[in-house]
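As structure tokens, the structure follows; a few thoughts come after it.
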Amino acid sequence: MFYKLQDKPPMGITTLSVLQWMIVTVSSSVAVPLMIGDMYGLQADEIGKLMQQTMFYIGLASLLQVWIGHRYPMIEGPAGLWWGIFIILAQLGTSMGLPPQEIGQSFQVGMILAGLLFFIFGLLGWIGKLQKWFTPLVSGTYMILLAVSLCSNILTGMLGIGFQHSKEVQPGVAIVSIGIVALVVFIMRTKRFSSFAVLFGMVGGWIVYALLGWTEPVRPTEQLFSWPSIFFWGPPRWDWGVVLTSMLTGFVLLTNLMTSLSVMGKATDTVPTEKQYNRGGIFTGVSHFLSGLSGVVGMIPLSLAAAVIQTTKMASRLPFVIAMLGMMLIGLIPTVAHFLAALPTPVAYAAMFISYTQLLGFGLKDYVNLKMDERTIIVGGSSLLVGIGVMFVPAVAWKQLPALVSFLFGNGLLLGVIVCLVLEHIVFRKKEDSVEKDGQAA
């Protein structure tokens, strides 16, 4: 390690590190508001505003964590689980006749409640104790179902369906999407630039679209400077289905918090303390509360930061703090946000395709580490078949049921995980002694 957490690198090295942190942060986050805007039918100005909100609150949440939270230089970025849920619920809501905006209003409430969950559990030191509910079987089921539920939207976007109001596959867009995915894979295989694979994919794809005349002009803005607003989607709205999904996602992300801090500890040659875990939980709660208040996708510590530190051998907090202040500044300048919002959505889908595969990979890894006995096959198989099967049932088939019931049974992800939790911890509950033996063996 060239520079440890508390070190202050020379001015030139600090400047380069600041630029790198900002590039990595933007590249890992810019696609999310674009895809959300595409799914929710937002206008270009609205997507620009959502982009501005996202950049500002990423900077603020990350700054709070490195300053008084877990104190690691770790990006608080949009959680893959959260924006995946955002997209899935938009589909379900639309099929049930709910305007996408109402889903967004309900999501704001869900993220605020999830933030309170993190905050309280961190304050009481319960984060580690709750992990036992989300065994590898439960978390693996969640990840697999999430990846399966997202695959239709991903490929639809990459094929150009919906791009520039097209209802059919656009062969040219599809070919360019394949090229972007190939470029991202190629760069990922080069150690020196692997951290910037998604960024290169987005920039390269954007250039190709510009040369082919497929890009929209960057919309001018009259404001040079504007503060982020609250409740982007409108006044908060209670919806039991969205709230239950949000709380369940919050529980799953508790595990993500633990693993992210553990990975960062290895990258920085330190061992996270119990206080760091709990402080990290508290301020992940704060970042979720800010996400709900502003209407952006819920944020969590991204393990990507550990990969950046391992590659650059630069763990110093100073460049990271300056970079996050820079992110907040970007979020205050509408012109920059509108420029980023001009990125074509098929490019964003294609550049992030490999990132989507990681969600499925995490779930498969959890399953691979399990002993495939009769109990595991029954619990995992039943949960996956129920979850995936429900995804193929037309949403209109549930319309005659009460709203909460229709939302629950129409959401294959939520229903599959609930089935897994019930089978794992109630119906086929392991005896305490066998659980302890499994833990010792691991």
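Index from 1, following the sequence. None of these values were measured; they are calculated from a predicted model. In what follows, every heavy atom counts, from backbone to side chain, and hydrogens, waters and symmetry copies are set aside.
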Decide yes or no on side-chain contact (heavy atoms from CB on, under 4.5 Å) for Asp239 and Val243, but give the supporting numbers first.
-> CA-CA 6 Å; Asp239 184 295; Val243 169; 5.6 Å; no
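Residues forming a side chain to side chain contact (heavy atoms under 4.5 Å, CB included) with Ser226 (at least two apart in sequence, or on another chain): Lys49, Gln52, Gln223, Pro334. With sequence neighbours excluded, the residues that form a side chain to side chain contact (heavy atoms under 4.5 Å, CB included) with Pro272 are Tyr72, Gln276, Tyr277. For Asp45, the side chain to side chain donor-acceptor pair (under 3.5 Å) partners at least two apart in sequence or on another chain are Arg219.
Rounded to the nearest 0.5 angstrom, Ile330 CD1 and Thr25 OG1 are separated by 9.0 Å. The CG atom of Leu325 sits 7.5 Å away from the CD1 atom of Ile322 when rounded to the nearest 0.5 Å. One finds the CD1 atom of Ile230 at 10.0 Å from the CD atom of Gln53 (value rounded to the nearest 0.5 Å).
The aromatic rings of Phe320 and Trp21 sit perpendicular to each other, their planes meeting at more than 60°, with 30° as the lower class boundary. Between Tyr209 and Trp214, the ring planes are perpendicular. Angles over 60° get that label, and only those under 30° would be called parallel. Using cut-offs of 30° and 60° on the angle between ring planes, the pair Phe56 and Trp227 is perpendicular.
Put simply, the side chain of Pro301 reaches to within 4.5 Å of the side chain of Met74, judged on heavy atoms. Considering only heavy atoms from C-beta on, Met299 stays 4.5 Å or farther from Thr284 through its side chain. You'll find the side chain of Gln65 stays beyond 4.5 Å of the side chain of Val286, heavy atoms only. Side-chain atoms of Leu50 and Phe232, non-hydrogen and from C-beta on, do get closer than 4.5 Å to each other. Within the 4.5 Å cutoff, the side chain of Ser382 has heavy atoms near those of the Leu423 side chain.
Aromatic rings from Phe289 and Phe119 are positioned such that their centres are separated by 6.0 Å or more. Between Tyr40 and Trp233, the distance separating the two ring centers is shorter than 6.0 angstrom.
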